[in-house]
Chemist: 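Structure in structure tokens, see below.
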Amino acid sequence: MTEQELIKKALAKITHQNELKRKELSQTEWDIYTGNINPYVKESIANRFSHKLAEEVPIISAVNLLKKIVNQKASLYKSEPDRKFSDLSDEQQKFVDEQYKELRVDYTMLEANKLFELQKEQTHILIESVNNDGVDEVKMRPIKAHHLSICEGDNPEKADVYIFGAYDRNFNDSYYDSEDDTIESSIERGKKKFVLWSKDYHFMFDGNYNILTEETANELGGIIPIVEISAMKDFLYWRELTNDVAQFCIDYNVSLSMLQQIVELSSFAQAYLKSPENLMPQVIEVGANRILKLVTNPDQDGDVEFGYASPNADIASAQAFQESILAQFLSSQGLDANLISGKAQSDKFNSGVERLLSMIEKFEASKEVQSLFEKAEKNIFEILKAWWDVLGINTLPEQSKVSVSYAEPQSLLSEIEKLDIAERKIDMGVWDEVKAISFLENVDEDVARTMAEEMEERLVKKEADGISIRTDIIEDGSQPEDRP
């Protein structure tokens, strides 16, 4: 397939209605995650009730459930993983460590982990070469789903071509309407820039089918520098399009906004005046320094009544219902129902064991994700090696590999709990003093052995001092002035 054929296929894919719908949903997820919830809450109220009510209701859009849940699930890189590289010399190891630090790999992977959870367990990482003041550098970054389009090959779950470009919801197939093609349309198309990657090609092009780079060949020799991290698919490249957490975040803020409207309306009493028509006062003034005169006629049926009507909305029940729905939703996501709450409370643990069990539950939930990111780390290292070699930065052994170990939860024991464990182990004969010190002070056994010997010397010295003092007392019947 030629470059022009690829461009034509790519633009047809980018402007297809199904692709635009997918990207619109991805953009919505990102907007909500980054806190731009207000327009979606207002739109939901307008669609459910009326546009007039949407303008009157005080919009609450600061409760970002989506961000809290995504950040809670994206836990793999909150602690730096342990990477071990094989078949590297000391000098090469130092180079790799410096490059990983300069590339901010841990931060990039943390952001990729967040996008993975946000985008229904699917994300991509682009590793590219960037010319910075005449110097070629390698950069890596996670790619949001609404900035990426793909062309499938024979396998619908695999991509043969990747196209990157800033998402524009207005850029659709109407730009290529041959019957209504204008100079303005051509200018607008020319503003759209895209980058294409395949095994054979790598180039930039615009919406008018023009190639904007001199070289079009893939400089990595068939390697596409894009790492996909995805859970199991179902004969389609993209996983689920809808995001139930994002939708629930909108619905929950709508519920809070409507409750706020009820609270405000319930805070004001409505004055009313009831009387026969001929006894109704024409002008009424009500205030702290005014007296309202109401005229009555005993010969006429009906009395004049003035008062205030106060709404009796059951706000407590509404709040309880919201809490119940929120707890059920969090449970359905495999999260602690107290992760987000309208009540002022926090997790309390009676011991380090309870805290550890809580952490293990969260850790186990990410085991499958961990295996996917371990594979991604290996692919990233292979692509980095290819870039370093092509750019003449460094050439690493082809057989060199990377393995990754992620931080596991550690028991947070109190000093009393640690001492209790050590005493029990010694009483059972399982530990000696050296192992107990190693556990209590968190040092290796050689250091613990040295500490034990120093402790023994101090004890012996104290005992010796005690014996000599006692001897002095026995001999002359006195004792040192500084002792009681």
Side-chain angles (χ1 to χ4, degrees), residues 21 24-73 118 169 241-275 280-281 283-290 292 305-333 335-346:
K21 180 181 178 181
E24 179 68 22
L25 290 171
S26 175
Q27 179 70 66
T28 299
E29 294 170 357
W30 181 249
D31 286 344
I32 295 172
Y33 177 79
T34 55
N36 187 23
I37 308 173
N38 187 289
Y40 298 101
V41 174
K42 185 172 290 188
E43 180 185 17
S44 180
I45 293 174
N47 292 337
R48 190 179 303 181
F49 302 101
S50 68
H51 290 279
K52 182 179 180 181
L53 181 62
E55 295 299 325
E56 296 176 354
V57 171
I59 301 298
I60 293 179
S61 58
V63 184
N64 198 336
L65 305 179
L66 179 61
K67 185 174 184 178
K68 181 70 174 179
I69 292 174
V70 166
N71 291 351
Q72 176 75 10
K73 289 185 174 182
L118 175 66
R169 55 173 51 91
L241 297 181
T242 58
N243 190 319
D244 52 348
V245 183
Q247 185 58 51
F248 184 83
C249 183
I250 296 173
D251 293 341
Y252 190 72
N253 280 274
V254 168
S255 177
L256 291 176
S257 299
M258 297 306 297
L259 182 59
Q260 173 70 10
Q261 175 80 334
I262 294 172
V263 170
E264 288 192 1
L265 292 177
S266 299
S267 300
F268 299 94
Q270 177 63 52
Y272 70 89
L273 180 62
K274 182 171 66 174
S275 75
M280 181 69 68
V283 179
I284 301 175
E285 291 185 6
V286 180
N289 299 319
R290 294 180 176 86
L292 181 62
E305 179 184 347
F306 176 80
Y308 285 93
S310 299
N312 293 315
D314 191 354
I315 297 174
S317 296
Q319 289 178 321
F321 177 74
Q322 284 182 336
E323 287 289 322
S324 174
I325 293 296
L326 178 59
Q328 293 176 51
F329 175 75
L330 292 174
S331 297
S332 71
Q333 296 295 314
L335 298 170
D336 185 355
N338 293 324
L339 175 66
I340 303 166
S341 175
K343 301 176 181 178
Q345 60 184 28
S346 60

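Excluded from the calculations below are hydrogen atoms, water molecules and symmetry mates; all remaining heavy atoms, backbone and side chain alike, are included. Computed from a predicted structure; not experimentally measured.
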Chemist: For the atom pair CD1 (Ile250) and OG (Ser61), what is the distance rounded to the nearest 0.5 Å?
Modeler: 11.0 Å
Chemist: Out of curiosity, Arg169 CZ to Lys21 NZ, how far, rounded to the nearest 0.5 Å?
Modeler: 15.0 Å
Chemist: Kindly say whether Ile32 contributes a backbone atom to a donor-acceptor pair with the side chain of Asn64 at under 3.5 angstrom?
Modeler: yes
Chemist: Search all heavy atoms of Ile37 against all heavy atoms of Val63 and return the closest pair with its distance.
Modeler: CD1-O, 4.3 Å
Chemist: Do Asn253 and Ile59 have side chains that get closer than 4.5 Å, going by heavy atoms?
Modeler: no
Chemist: Check the side chains of Gln27 and Asp31 for a donor-acceptor pair under 3.5 angstrom, ignoring hydrogens and angles.
Modeler: yes
Chemist: Got a donor-acceptor contact below 3.5 angstrom from the Ser44 side chain to the Tyr40 backbone?
Modeler: no
Chemist: Would you compute the distance between atom CZ of Phe49 and atom CD of Gln261 and round it to the nearest 0.5 angstrom?
Modeler: 10.5 Å
Chemist: Got a donor-acceptor contact below 3.5 angstrom from the Thr28 side chain to the Glu24 backbone?
Modeler: yes
Chemist: Apply side chain to side chain contact (heavy atoms under 4.5 Å, CB included) to residues Asn71 and Tyr33 and explain how you reach the verdict.
Modeler: CA-CA 10 Å; Asn71 291 351; Tyr33 177 79; 2.7 Å; yes
Chemist: About how many Å separate CG of Asn36 and CG of Asn38, when rounded to the nearest 0.5 Å?
Modeler: 7.5 Å
Chemist: Could you report the tightest heavy-atom contact between Ser257 and Val57, atom names first, then the distance?
Modeler: O-CG1, 3.6 Å
Chemist: For a quick test of reading the model, state the closest non-hydrogen atom pair linking Ala54 to Lys42 and the distance between them.
Modeler: CB-O, 3.7 Å
Chemist: Which pair of non-hydrogen atoms, one from Leu118 and one from Glu29, has the smallest distance, and what is that distance?
Modeler: O-OE1, 3.6 Å
Chemist: Do Met258 and Leu53 touch side chain to side chain, with heavy atoms closer than 4.5 Å?
Modeler: yes
